[in-house]
Protein chains: 2
Amino acid sequence: MQQQAATKKNAPDAGKAQDVHVDLIAVVAAVNGCEPCALTIGEADTLPSGPFELGHRSLQSGLRAWVERQTGHPLGYIEQLYTFADRDRVGDEPQQRVISISYLALTRDERAPDGPARRWRSWYDYFPWEDHRAGMPPLVTELIGPALRQWAQSAGDDSLRAERGQRIAVAFGFDDRPWNEELVLQRYELLYEAGLVAESRRGRPEAGVAPVPGRAMVLDHRRILATGIARLRSKIKYRPVVFELMAPAFTLLQLQRTVEALAGRLVHKQNFRRLIEQQELVEETGEMAADTGGRPAKLFRFRHAVLAERQAIGTKLPLTRS
Amino acid sequence: MQQQAATKKNAPDAGKAQDVHVDLIAVVAAVNGCEPCALTIGEADTLPSGPFELGHRSLQSGLRAWVERQTGHPLGYIEQLYTFADRDRVGDEPQQRVISISYLALTRDERAPDGPARRWRSWYDYFPWEDHRAGMPPLVTELIGPALRQWAQSAGDDSLRAERGQRIAVAFGFDDRPWNEELVLQRYELLYEAGLVAESRRGRPEAGVAPVPGRAMVLDHRRILATGIARLRSKIKYRPVVFELMAPAFTLLQLQRTVEALAGRLVHKQNFRRLIEQQELVEETGEMAADTGGRPAKLFRFRHAVLAERQAIGTKLPLTRS
DNA sequence: CTCCATTATACTCATCAAGAGCATAATGGA
DNA sequence: TCCATTATGCTCTTGATGAGTATAATGGAG
């Protein structure tokens with residue numbers, strides 16, 4: 001218990017370890033139509049957040065309270081994302097430490113349209129280079145690629161140049177490498193390092209190349225959003241979380257479009273159906289879809305039983321390049 | 001920016017959101033021989049930890065400082081695990097909130113043997129039911145299974161009984177279900193809920209069945225260790241992290257034994273080698289192993305280049321039942 | 001010196017998941 | 001009636017994976 005004593009020792013007296021402010025911050029995701037969206041509040045591009053308070057029973061309940069208060073939107077599925085302490089805050093007195101505990105939340109919107117308090121915004125407003133559903137966006141090859149390569153070339157020594165070149169190629173799938181939709185955070189951080197996003201230019205107005213297209217966000221919120229997108233893109237492959245974003249009944253095509261919206265790439269229709277059905281993730285409702293053009297489709301619902309039946313099985317999405 | 005203002009508002013004045021104490025806590029893992037170990041400090045079973053202080057540049061550097069101070073052991077690879085706020089602290093004044101940010105660290109021991117300050121302890125001292133390298137331990141079928149089933153039966157209503165029964169079967173691989181070595185945390189939490197571990201009996205000495213074998217730890221440290229083990233068991237399958245635990249040069253069998261120690265189960269030797277080699281994770285050093293009985297083995301080293309070459313490729317371990 | 005236990009290493013085989021494409025079935029509208 | 005559009009069923013190929021067989025080196029027991 002000697003260590004325990006050491007830990008406790010600093011607790012009673014207001015020592016140098018005391019002065020920590022804890023923020024809870026949420027990436028609230030939904031898919032509206034074919035667009036994956038994040039919930040923002042206020043005028044600026046800001047994620048819902050607020051301080052962790054004594055009244056909160058737990059971190060999660062504190063987060064739910066803040067999001068509901070700020071947006072009126074109740075949350076369903078929640079998972080912790082990451083805890084940051086090294087935020088790029090300007091003007092903080094050195095005495096004040098800030099810790100941000102971020103969460104990913106999944107819901108359906110539909111409750112109400114955008115209002116003064118909240119606003120759904122497409123992920124791809126913030127990360128236009130992440131949407132590959134119509135193939136690699138010209139933006140990537142024409143703007144980002146050259147700009148990043150220029151940054152790589154500007155490095156002092158050879159090994160750094162090579163290292164940067166490789167990171168760029170891996171992250172963006174240049175040089176015949178495959179596009180990996182999960183590397184959202186790595187891509188954002190590369191652009192940040194290269195000074196190609198607005199966030200990395202704040203406070204130091206340098207005369208560099210113009211920032212790449214894509215809305216900036218307040219503070220480090222865009223980085224947190226990137227973390228959330230990356231987590232979700234990864235998780236849909238091994239856990240049945242997509243269904244948190246679906247209406248109670250849906251067609252397989254709607255499900256597919258949702259997955260595609262999240263992953264930012266297309267999947268092979270027949271293989272997708274095969275996968276979903278063979279894993280017994282869904283069951284027919286018996287109804288048919290209200291017509292959407294073409295042959296009517298069966299409606300399905302999520303088999304909630306799978307959550308109990310098995311752990312760690314999911315929706316490996318069969319990816320395609322077309 | 002309205003929300004931003006709201007967040008900032010509580011910062012300057014010492015409002016009710018201020019009083020938060022942040023602890024950093026580490027699961028330091030190494031594999032000594034064929035045993036996966038965690039680093040503990042002091043007399044009791046305690047993970048290295050200490051408060052996040054102003055002097056710390058970042059959460060990670062704060063953690064490194066604490067571990068090094070408490071154990072003399074410098075850390076290499078680190079990743080964040082989880083942030084807890086609802087710790088089962090007894091005697092905390094309600095005014096004092098504690099947040100624990102936990103990390104997983106990978107090293108090799110060898111620097112020095114156990115000393116007064118630190119001690120390596122096998123994971124399976126704490127979780128004897130997790131080691132399936134010699135098949136399902138009798139402990140599981142003879143003790144844990146019956147005790148958990150009894151707990152399930154003690155539930156009030158039918159649906160709760162059924163739900164508990166299913167959770168038990170899934171977590172421990174009963175009823176012909178496969179053993180899933182990643183469900184370390186779920187298994188611990190089941191035992192906790194069922195009152196079968198010492199930690200869940202603290203403060204409420206009930207007259208129930210005896211706790212299951214396995215050392216307890218201080219506070220909720222055993223839960224944090226379980227989280228770390230689960231993370232590592234999952235991660236070795238898709239990222240080349242095992243090599244953080246290996247000496248610079250090793251034989252393929254040593255690598256295999258390390259993976260087996262972590263996973264708590266055996267792998268098919270030939271398939272393991274095939275996988276490692278076809279993924280080009282290692283390269284020959286040219287040397288042969290100092291004899292270990294039998295035909296001498298080639299020594300290999302990790303190809304550090306893979307870390308840059310590709311993201312998200314790893315060591316899918318081919319599992320076997322033998 | 002031989003036999004054997006032990007470990008290393010090379011192949012083979014069957015099964016199955018996944019990428020890809022073809023074909024047919026319903027529907028509404030031009 | 002033809003066609004665009006979506007739904008749905010099936011086949012084919014490839015590659016990954018679980019599992020087993022066979023052979024190569026080594027040291028130690030006898």
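Reminder, nothing fancy here: chain letters follow the sequence lines and each chain counts from 1. Everything quoted here is computed from the prediction, not taken from an experiment.
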With B for base contact, S for sugar-phosphate-only contact and - for none (protein heavy atoms under 4.0 Å), nucleotides 25-30 of chain C reads BBB---

Show me the protein contacts with nucleotides 9-13 of chain D, counting only N or O atoms at under 3.5 Å.
unit_1, atom_1, unit_2, atom_2, d
dG9(D), O6, Gln270(A), NE2, 3.2

Value in whole Å for how far the [atom2] atom of [N] lies from [atom1] of [X]:
X	N	atom1	atom2	value
Ile276(B)	dT17(D)	CD1	P	11 Å
Phe250(A)	dT6(D)	CZ	P	19 Å
Gln278(B)	dG18(D)	CD	C1'	13 Å
Arg257(B)	dT6(C)	CZ	P	13 Å
Leu252(B)	dT9(C)	CG	P	6 Å
Glu284(B)	dA8(C)	CD	C1'	12 Å
Leu266(A)	dG19(C)	CG	P	14 Å
Lys237(B)	dA16(D)	NZ	C1'	16 Å

Should Lys269(A) be listed as having a side-chain N or O under 4.0 Å from OP1 or OP2 of dA7(D)?
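Affirmative; the distance criterion is met.
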
Short side-chain to backbone donor-acceptor contact, [X] and [Y], under 3.5 Å:
X	Y	result
Arg239(A)	Ser234(A)	no
Arg233(A)	Glu182(A)	no
Gln256(A)	Phe272(A)	no
Ser102(A)	Tyr82(A)	yes

Salt bridge (charged side-chain N to carboxylate O under 4.0 Å, His left out): which pairs involve residues 241-257 of chain B, sequence neighbours left out?
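For residues 241-257 of chain B, and leaving out neighbouring residues, the salt bridge (charged side-chain N to carboxylate O under 4.0 Å, His left out) pairs sorted by first residue read Arg257(B)-Glu260(B).
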
Salt bridge (charged side-chain N to carboxylate O under 4.0 Å, His left out): pairs with one or both residues in residues 292-301 of chain A, sequence neighbours excluded
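Qualifying pairs, neighbours excluded: Glu283(A)-Arg301(A), Glu284(A)-Lys298(A).
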
Is the ring pair Trp179(A)/His132(A) parallel, tilted or perpendicular, if the boundaries are 30 and 60 degrees?
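Parallel, since the angle between the ring planes stays under 30°.
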
Hey, are Glu277(A) and Arg303(A) close enough for a salt bridge, meaning a charged N less than 4.0 Å from a carboxylate O?
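Looking at Glu277(A) and Arg303(A), the cut-off is not met.
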
Can you list the steps and then say if Tyr188(A) with Gln186(A) is a side chain to side chain donor-acceptor pair (under 3.5 Å)?
CA-CA 5 Å; Tyr188(A) 176 75; Gln186(A) 285 88 332; over 6 Å; no

Pairs under 3.5 angstrom only: tabulate donor-acceptor contacts from the side chains of residues 166-176 of chain B to other protein residues two or more places apart or in another chain.
unit_1, atom_1, unit_2, atom_2, d
Arg167(B), NH1, Glu193(B), OE2, 3.4
Arg167(B), NH2, Glu193(B), OE2, 2.6

Stem list for DNA chain C, please, built from Watson-Crick and G-U wobble pairs under 3.5 Å and keeping only runs of at least 3.
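Stem segments, range with range: C:1-30 with D:1-30.
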
Going through the distances and angles, do Val28(A) and Trp120(A) end up as a side-chain contact (heavy atoms from CB on, under 4.5 Å)?
CA-CA 9 Å; Val28(A) 184; Trp120(A) 290 106; 4.1 Å; yes

